[in-house]
Amino acid sequence: MSDIISTNPSTMAPPGGHYSHAVTANGFVFISGELAIAPDGMKLNEAPFEQQAQQVLDNVAHALKGAGSSIDKLTQVRVYVTDIASWPAFNTLYAKWAGNARPARCVVPVPQLHYGFKIEIEAVALK
């Protein structure tokens, strides 16, 4: 059996519930659904979509780094959006953020997210 290691980097706001930002097990890093919450804990739920999306991507990158991984080691990304019309704007930000990384990815339109956020992302990467 492998060890399970939970990580909550100091570069991120503490988790708002009973979970960890990242969990490492068996050579993989699992990133919890990240929302547009700034490192100081400020919720950007009233911010424009693009600002929320950038903060969420930043949070995923911080969680990966804190767990000893990185964007280039991503294997899967799942994106939840409350308005599918925001997808082109997200895809532009994502392509810049991901660079040469091409993990498996899907978008899931949802009616609503916690606190009225417009986007949430979860991911899996190699350690």
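- Separating the CD atom in Glu122 from the CD atom in Glu34 is a distance of 10.0 Å, to the nearest 0.5 Å.
- In plain terms, the two heavy atoms of Pro15 and Ser20 that are nearest each other are CG-CA, 4.4 Å.
- A donor-acceptor contact shorter than 3.5 Å links the side chain of Asn59 to the backbone of Leu35.
- The heavy-atom pair separating Pro88 from Ala85 by the smallest distance is CD-O, 3.3 Å.
- The hydrophobic clustering, which links ILVMFWY residues whose side-chain heavy atoms are closer than 4.5 Å, places Val56 and Leu74 together.
- In plain terms, the two heavy atoms of His21 and Ala13 that are nearest each other are NE2-O, 2.8 Å.
- The main-chain N or O of Leu126 is found under 3.5 Å from a side-chain atom of Ser69 such that the two form a donor-acceptor pair.
- No continuous path of hydrophobic side-chain contacts links Ile71 to Val124 [ILVMFWY only; heavy atoms under 4.5 Å].
- Looking at Lys127, its side chain never comes within 3.5 Å of a backbone N or O of Asn26 through a donor-acceptor pair.
- With contacts defined as side-chain heavy-atom distances shorter than 4.5 Å, the pair Val23/Ser6 qualifies.
- Here CG of Asp58 is found 13.5 Å from CD1 of Ile37. Values are rounded to the nearest 0.5 Å.
- Here the CD-CZ distance, from Glu120 to Arg78, works out to 11.0 Å after rounding to the nearest 0.5 Å.
- The cluster map of Ile, Leu, Val, Met, Phe, Trp and Tyr, joined by side-chain heavy atoms under 4.5 Å apart, puts Ile4 and Phe30 in different clusters.
- With hydrophobic clusters built from ILVMFWY side chains whose heavy atoms lie under 4.5 angstrom apart, Trp87 shares a cluster with Val60.
- Between atom CZ of residue Phe117 and atom OG1 of residue Thr82 there is a gap of 11.5 Å, rounded to the nearest 0.5 Å.
- Expressed to the nearest 0.5 Å, how far CG of Leu64 lies from OG of Ser70 amounts to 7.0 Å.
- Taking a 6.0 Å sphere around CG of Asp40, one finds it holds more than 12 heavy atoms contributed by other residues, nucleotides or ligands.
- Under the 4.5 Å side-chain heavy-atom criterion for Ile, Leu, Val, Met, Phe, Trp and Tyr, Val108 and Ile84 are members of distinct hydrophobic clusters.
- One finds the CG atom of Asn91 at 12.0 Å from the OG atom of Ser86 (value rounded to the nearest 0.5 Å).
- Residue Leu44 forms a side chain to side chain contact (heavy atoms under 4.5 Å, CB included) with just one option from Lys118, Gln51, Gln54, and that option is Gln51.
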Query raised in the report: side chain to side chain contact (heavy atoms under 4.5 Å, CB included) between Val79 and Ile119: does it pass, once the steps are laid out?
Result: CA-CA 7 Å; Val79 183; Ile119 183 170; 3.9 Å; yes
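- Counting heavy atoms from C-beta on, the side chains of Pro39 and Gln55 come closer than 4.5 Å.
- For the side chain to side chain contact (heavy atoms under 4.5 Å, CB included) test with Val81, the passing option among Val110, Ile121, Val107 is Val107; the others fail.
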